[in-house]
Participant: 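What follows is a single structure, and I will ask about it in a moment.
Order of appearance sets the numbers: ligands from 1, and atoms from 1 within every ligand. Keep in mind that what you see is a predicted model, and the values were worked out from it rather than measured.
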Amino acid sequence: MAERDPTDSLTPDWAASRTLRAHEIRRKIVTHIAAKTTDMAEGPLPLHKSVYTGGARFAAEREHLFLRQPLVAGLTGDIPQPGDYLVFDAAGPSILVIRGKDGIVRAFRNMCTHRGAKLVEQSEPFTGKASRLTCPFHAWTFNNLGGLIGQPGKAGFAGCDIGARDLLPLPCTEHLGLIFVRASEGEAIDAAAHLGDFADELALLELHKAVPVKKGILHAQSNWKFSLDTYGEGYHFAALHASTIGQTHYNDIAVVDRFGLHHRINFPDNSLGNLVGLPEADWPETEYGGVHYLFPNTIIFFGSITPGVYFTQVFRLFPDGVGKTRCQFGVYAPFGVHSDDYRGICEMAYDATAEVVQAEDYRVASHGYANLLTAPEDFHVVLGANECAPQAVHRHIADAVGMPL
Ligand code: FES
Ligand SMILES: [Fe+2]
């Protein structure tokens, strides 16, 4: 038998913490189910159509959110070993995120310092492993710390010596199993400050243990925020998802817990209705789960489908122009892949979710966006008080880009 790790007793019991949090959330949910209520904002929020269609606002979001904010480039498990790297190219510049031989994750522009060629020509969600990267153009070679270690025809490059032409670094840090990158040069990322007290919520997910199972890209012909809004309310479950989540979950009941710019939403499944009127002492254990939103563009769904069988879904939404969304979607096994059956369940979770998101959520987002393009000049959409999470997201984005709603 393996010896017990002496630090075990110092490690929080995350499963117990999840059970505890599940109970707190459930208490709020059962109150809502009994009263047929949901968490609400103070009132409805009208949004002028240009919030989605406006070119100036979009340019400001590109600049202030996608180039300047710390963004989730991947999870620890995407590049677990020294030499593993991934391509992160959805925020704007093509970026390489590499775990060095020292175990530290760094980000560099995916750009050779000779004449700017792409070192790795594949696109996201490509991952690879290499102790050195050789440019396809003239074969300059870099190690996995970003250092230039090989220059064919060196005699032609007086003054461009090894050490003087290393890869161009970008701010990058790894925290709670998430890899954050800023897609422009600048100060280091303070992930703890960025997350604030949301860090304690995210810690429950133990994301550092998650192992990728399946990844891909989902597309919407819609502004990225229109697509993002679909993750923030359960008001559409019964109508839009009538044959899937609308069958299994309450419509328009949600508990939204906000943590600064971030939040966690819980949408109750039908079984929680059985707890109404039952003394809390008699409540059976329920599994922890939730939809975690990380400002500005990342959704992490953590949940179980059958008792004890968890999966983690990560959606990272990026604009591909003002009217296009590119969603990097991945399904992870939260605590590793322990069997082929379980891998199959995670793959099914990818396929089924991708199908619903693409065919239902992104379908209405694409149609709605097309309508906004031709809507009357003064048209406003309206987010109801029951759509309180998207309201908060729009307010925070508007603040960050310095353009009031
Ligand atoms: S551009 Fe990379 S070696 Fe020339
Ligand atoms: Fe949906």
Participant: Begin with the C-alpha distance, continue with both residues' side-chain angles, and end with the deciding distance and a verdict on salt bridge (Lys or Arg N to Asp or Glu O under 4.0 Å) for Asp89 and Arg326.
Facilitator: CA-CA 11 Å; Asp89 57 9; Arg326 171 171 156 193; 2.7 Å; yes

Participant: Number the atoms of ligand 1 from 1 as they appear, then name those within less than 4.0 Å of a heavy atom of Cys135, with their elements.
Facilitator: 1 (S), 2 (Fe), 3 (S)

Participant: As a test of reading the structure, name the N/O/S atom of Asp361 that is nearest the Fe ion (ligand 2).
Facilitator: OD1

Participant: Checking salt bridge (charged side-chain N to carboxylate O under 4.0 Å, His left out) against Glu24, which of Arg21, Lys28, Arg27 comes through?
Facilitator: Arg21

Participant: Taking the six-membered ring for Trp and the single ring otherwise, decide whether the centroids of Phe335 and Trp14 are under 6.0 Å apart.
Facilitator: no

Participant: Which class fits the ring pair Phe237 and His241: parallel under 30°, tilted 30 to 60°, perpendicular over 60°?
Facilitator: tilted

Participant: If you take the nearest heavy atom of each of His138, Arg115, Gln151, which one is closest to atom 4 (Fe) of ligand 1?
Facilitator: His138

Participant: Can you sort out which atoms of ligand 1 are near Trp140, meaning under 4.0 Å from one of its heavy atoms?
Facilitator: 3 (S)

Participant: Is the shortest heavy-atom distance from the side chain of Ile25 to the side chain of Arg264 under 4.5 Å?
Facilitator: yes

Participant: Kindly assign one of parallel, tilted or perpendicular to the pair Tyr350 and Phe329, based on the angle between their ring planes and the thresholds 30° and 60°.
Facilitator: parallel

Participant: Answer with side chain, backbone, both or neither: which part of Ala139 has a heavy atom less than 4.0 angstrom from an atom of ligand 1?
Facilitator: backbone

Participant: Is there an N/O/S atom in His114 that lies less than 2.8 Å from atom 4 (Fe) of ligand 1?
Facilitator: yes

Participant: Relative to the heavy atoms of Ala117, which atoms of ligand 1 are at a distance of less than 4.0 Å?
Facilitator: 1 (S)

